[in-house]
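Notes for the one structure printed next.
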Amino acid sequence: MALKVGDTHEAVVIENVNRTHVVKYAGASGDFNPLHHDDTVATGNAGYPSVFAHGMFSMGLTARMLTDWLGAASLKKYGVRFTRQVWPGDTLTSKAEVVSIADGLATIRVWTENQKGETVVEGEAVAPAS
Amino acid sequence: MADEGFEFPIDRTQVMLFARSLLDIRPEFSEPGDPATKALGGIVIPPTFVQCSAHWDPDYFLDLTRPRKGTAPRHRGDGPEGGGGGVARGLHAEQHYEYHHPVHVGDTLTVTSRPGERWEKQGRRGGKLLFSESITEYRNQDGVLCVTARSIGVQTERAVDQ
């Protein structure tokens with residue numbers, strides 16, 4: 001597909017995050033930080049209201065929006081900042097907008113919002129423009 | 001200082017499990033016979049798959065129940081969870097990847113990491129914030145650099161309230 005500056009894309013990447021989603025990501029990725037699966041740890045000294053999803057879970061779901069849009073092996077660069085935690089019950093929508101094209105490569109602003117419209121990750125991806 | 005690295009075999013089942021955990025059923029991540037997969041020269045990996053190298057990292061410390069010979073590893077002081085504040089205070093602030101060369105199932109990557117910059121910032125809600133960066137390179141069996149990952153972690157003085 002040929003990308004143009006201003007092109008946009010979005011997709012609901014997960015509805016109603018639950019602990020099973022998070023545990024599956026922990027098992028697959030190998031990140032067994034108990035803050036993500038053990039409510040006793042998360043709500044104890046750590047002081048969180050409950051477990052929350054790995055930042056990399058949100059980044060991976062956001063990447064799925066990009067690869068579904070642009071192709072499985074399309075990305076040259078991809079980076080995000082984690083701006084807000086994702087909690088059980090959240091529904092995430094990932095969004096993208098082509099902001100510039102140079103030397104055949106599109107720079108794409110990428111972000112993911114929860115059901116309240118709050119940004120949970122934001123960053124940039126680079127992919128071939130055509 | 002860069003470590004000597006460890007091997008990370010790219011296994012079909014692991015790629016399928018990882019893709020599935022991200023609710024991703026694209027054939028390029030699981031079905032070798034699919035025309036889309038064949039067009040890419042075989043099963044490829046999702047953009048954030050290299051995180052699974054944690055399973056092969058002998059020093060990975062966020063897997064406290066992993067059976068080990070000898071003593072469990074301690075924080076290296078770099079990377080997302082490093083910096084000395086303990087697991088409960090370490091948060092992942094940023095993650096960046098550059099993709100230089102395709103990775104396919106059957107490849108064996110060698111993973112090397114080195115600490116990057118460290119800096120401090122005053123947080124609005126979490127008190128003092130200590131950021132630290134870790135750079136990880138993934139090279140294939142031919143020595144070709146496939147992926148560079150830059151991870152930024154932050155240690156907070158108290159739980160982030162958001």
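Atoms considered below: every heavy atom in the structure, side chains included; atoms not considered: hydrogens, waters and symmetry mates. The shown structure was predicted, so the numbers you read here are calculated from the model rather than taken from an experiment. Reminder, nothing fancy here: chain letters follow the sequence lines and each chain counts from 1.
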More than 12 non-hydrogen atoms from neighbouring residues, nucleotides or ligands closer than 6.0 Å to [atom1] on [X], yes or no?
X	atom1	answer
Q141(B)	CD	yes
W56(B)	CH2	no
R20(B)	CZ	no
Q115(A)	CD	yes
L145(B)	CG	yes

Check: [Y] and [X] side chains under 4.5 Å, non-hydrogen atoms:
X	Y	answer
P46(B)	T67(A)	no
Q85(A)	L91(B)	yes
E94(B)	V80(A)	no
F32(A)	R66(B)	no
E98(B)	K76(A)	no

- Looking at E118(A), K77(A), K24(A), which has the largest count of heavy-atom pairs under 4.5 Å with chain B? K77(A)
- Portion of F29(B) that has a non-hydrogen atom of chain A nearer than 4.5 angstrom: side chain
- Item | Which portion of L23(B) sits near chain A, non-hydrogen atoms under 4.5 angstrom | both
Give the cluster check for [X] versus [Y]: same hydrophobic cluster or not, with ILVMFWY residues linked at side-chain heavy-atom distances below 4.5 Å.
X	Y	result
W111(A)	F82(A)	no
F49(B)	I43(B)	yes
I14(A)	W69(A)	yes
V99(A)	I108(A)	no
I45(B)	V126(A)	no

Check for a donor-acceptor pair, side chain of [X] on one end and backbone N or O of [Y] on the other, with a separation under 3.5 Å.
X	Y	result
R64(A)	A19(B)	no
H21(A)	L22(B)	no
H55(B)	G30(A)	yes
Q14(B)	A28(A)	yes

Between [X] and [Y], which heavy-atom pair has the shortest distance, and what is it?
X	Y	answer
Y60(B)	D31(A)	OH-CA, 3.3 Å
Q51(B)	M56(A)	CG-CE, 3.5 Å
G79(A)	H96(B)	CA-ND1, 3.5 Å
T48(B)	G60(A)	OG1-CA, 3.7 Å

- Item | Interface residue of largest heavy-atom contact number with chain A, from C52(B), A54(B), A36(B), under 4.5 Å |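 Winner by heavy-atom pair count: C52(B).
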- For chain A, which of V44(B), D63(B), T65(B), L17(B) has the most heavy-atom pairs under 4.5 Å?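 The candidate making the most pairs under 4.5 Å is D63(B).
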- Item | From CA spacing to verdict: ring-ring contact (aromatic ring centres under 6.0 Å, His included), Y99(B), Y78(A) | CA-CA 8 Å; Y99(B) 307 101; Y78(A) 174 45; 7.4 Å; no
- Note on the structure: Honestly, the part of V121(A) sitting under 4.5 Å from a heavy atom of chain B is neither
